[in-house]
Each structure stands twice: as C-alpha cells, then as structure tokens.
Protein chains: 2
Amino acid sequence: MATHKRQAFTDQEQELAQVAKALGHPARVAIVRLLAQRRACVCGELVLELPLSQSTVSQHLKELKAAGLVQGDVDGPRVCYCLSPTGWARARHLLGALLAELPAPPEAHCAC
Amino acid sequence: MATHKRQAFTDQEQELAQVAKALGHPARVAIVRLLAQRRACVCGELVLELPLSQSTVSQHLKELKAAGLVQGDVDGPRVCYCLSPTGWARARHLLGALLAELPAPPEAHCAC
DNA sequence: CTTGTTTATCGTCGATTTACGATTGCAAAG
DNA sequence: CTTTGCAATCGTAAATCGACGATAAACAAG
C-alpha cells in the first residue's frame, strides 16, 4: 500500500481498516450477500451469479479469506465457501466500537 | 480500479462499498475517531495528531468527504471538519442492512 | 495592497488493485 | 493411469492508491 506507516495506528484501527477494505468493493459485498443467502456456495456458482470471470471471483474470495470474513472448506474437487462466524463476530465488534464512538446523529457537529 | 463493471451491482452494494472503502485505511479510521472525540477539528490539528504530512491528511479528508462521511465548513482561513450526521446515518443503515442479512453467528456455515 | 496563515491542488513515484486469459494443480471418475 | 471438471495461480496491462514536496488558492489582519 505504498509506504504505509502502519506502526502509527492502533491495532483496532488497522483491523477495522482491513475489514472495511475487504468490503470496499461492490463485487465482494455481493459475494458476501450471496454467501449469506446461501444462494451460492462454491466458486463456480458465484461465477454464474456475477458478471466476472472465474479467476477474478477467485481473487476476491482470496481477499475476503485474508480478511477473515470467509472460509473455504475443501469438498472433493470443489471448495465450499462460507462466512466465517468468528470473522464476522470480530467485524461486528470493530464496527460497533467505532459507531459507538460517534456522537449521536443530531449533534455530530464540532464546536467551531 | 481497472475496468470496473459497476453497472452489474446493486446501488446499495456500491454505496456500501464506497463507505467501506473510505474506512479501508487506518489513517482515515483514525481521522474519524479524532473527529468523533472532537479532539481535533481543523486540518492543521489533525496533522499534529497524525504521523502524516499536511497534503496527505488533506487527501484523506477529501476521500472521506467524497464518501459523505465528513463535511468541511469554511471558517475564515481554516476549515472546520465535522462528521456528517446524514452520512453516518446512511452508513449505519447500510452496514446494519448487511449485518442483518448474515446468518446468526452459530450457524454461518453452508449446507455443503 | 501586502503579509501571514491555513488548506487545496499539482506532479511525481513506487506499490497495490482489478481484471482477464492461460496455465497449473487436484481430486473424483472412468 | 488417464481423463474430466473445478479451483487456484501466474502473467500481464491499465487504473488507482498512498505518500510526499512544492506550489497555488483563500482569507483575515495589518
């Protein structure tokens, strides 16, 4: 990511950024939704549902897996992708923590 | 982003991806937290709190503003940055909608 | 009008991302 | 063992990101 100064940020900030980045592409959001609805499970099914090539879908799955949001279990010649319960628990926690820090909607403005 | 096929995804998916992408960098998460805590408001203060140059902070602010999460009100020679209530309401809604679609933690696994 | 302060933009660089086709790898089936 | 089918990886090209210094722009004060 071009000379990041990672050491300067909190672990939580980096983790949250990692999760957010993984969701920072429409295709990956769509994949997560497909997996959530159980409408698709193996890579080939996802390819059929998405306007992307097999290799591209595979790459997106790899990124989601790297972020811990998805896990892939080998099932014979194919791979069954599922949402990772622990990964999403972590994501919920991180997102919730950030949202909890925000001021309530009516007064987000600063004093300036 | 190299030849995106944006038209193939839902507006919600694209909007969520945009918000997530904006939070997909530790520096931007840190900026949001600083603004939330009201510890800093104008660009110069943020620069002091972060290990980044002024131009880099300005760019991150620009991206957060483009995602609708932050708004900047001109205040004389400086600019007062605040979290955007409507932007965060939207973000909450989009994130909440996605999380609501996910199966409950214990059974995120697919049937395979 | 000039000066000083603050922020935005420009230009650049290297690293990363996104996408694809082509190839390789792997497991079940014949 | 060979074939078949699915998934992962490789290689590549174009676009974007992240960072910085340098410069421009905007505004208040003098």
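Since we're looking at a predicted model, the values are computed, not measured. Numbers restart at 1 for each chain; the letters A, B, ... are given by sequence-line order, proteins then strands.
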With a 3.5 Å cut-off and heavy atoms only, can you find an N or O donor on one side and an acceptor on the other between the side chain of Q54(B) and the base of dA8(C)?
yes
Identify, with sequence neighbours excluded, every residue that meets salt bridge (Lys or Arg N to Asp or Glu O under 4.0 Å) alongside R90(A).
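If we apply the salt bridge (Lys or Arg N to Asp or Glu O under 4.0 Å) test to R90(A), skipping adjacent residues, the hits are E15(A).
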Rounded to whole angstroms, how far apart are [atom1] on [X] and [atom2] on [N]?
X: R78(B); N: dA25(D); atom1: CZ; atom2: C1'; value: 16 Å
X: Q18(A); N: dC17(D); atom1: CD; atom2: C1'; value: 17 Å
X: D75(B); N: dT6(C); atom1: CG; atom2: C1'; value: 11 Å
X: L61(B); N: dT7(C); atom1: CG; atom2: C1'; value: 10 Å
X: E45(B); N: dT6(C); atom1: CD; atom2: C1'; value: 12 Å
X: K21(A); N: dA15(C); atom1: NZ; atom2: C1'; value: 10 Å
X: D73(A); N: dC26(C); atom1: CG; atom2: C1'; value: 17 Å
X: H25(A); N: dT16(C); atom1: NE2; atom2: P; value: 18 Å

For [N], does OP1 or OP2 lie under 4.0 Å from any side-chain N or O of [X]?
X: K62(B); N: dT7(C); value: no
X: S58(B); N: dA8(C); value: yes
X: T56(B); N: dC20(D); value: yes
X: H60(B); N: dC17(D); value: no

Please pick, from [options], the nucleotide with the shortest atom-to-atom distance to any side-chain atom of [X].
X: Q59(A); options: dT6(C), dT18(C), dG21(D); answer: dT18(C)
X: L52(B); options: dT18(C), dA7(D), dC20(D); answer: dC20(D)
X: S55(A); options: dA22(C), dA7(D), dA28(D); answer: dA22(C)
X: Y81(A); options: dA8(C), dA8(D), dG21(C); answer: dA8(D)

Pairwise side-chain contact, [X] with [Y], heavy-atom cut-off 4.5 Å (strictly under):
X: L16(B); Y: L23(A); value: no
X: V70(B); Y: L83(B); value: yes
X: L46(B); Y: H60(B); value: no

How long is the gap from CG on D11(A) to CG on L94(A), to the nearest 0.5 Å?
10.5 Å
So, does Q54(B) use its side chain to make a donor-acceptor pair with the main chain of V47(B) at under 3.5 Å?
no
Axis-to-axis angle across the helix from dC1(C)-dG30(D) to dG30(C)-dC1(D), five pairs an end, to 10 degrees?
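The two end axes of the helix from dC1(C)-dG30(D) to dG30(C)-dC1(D) meet at 10°.
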Walk me through it: do L102(B) and R92(A) pass the test side-chain contact (heavy atoms from CB on, under 4.5 Å)?
CA-CA 11 Å; L102(B) 305 183; R92(A) 276 179 200 272; 3.9 Å; yes
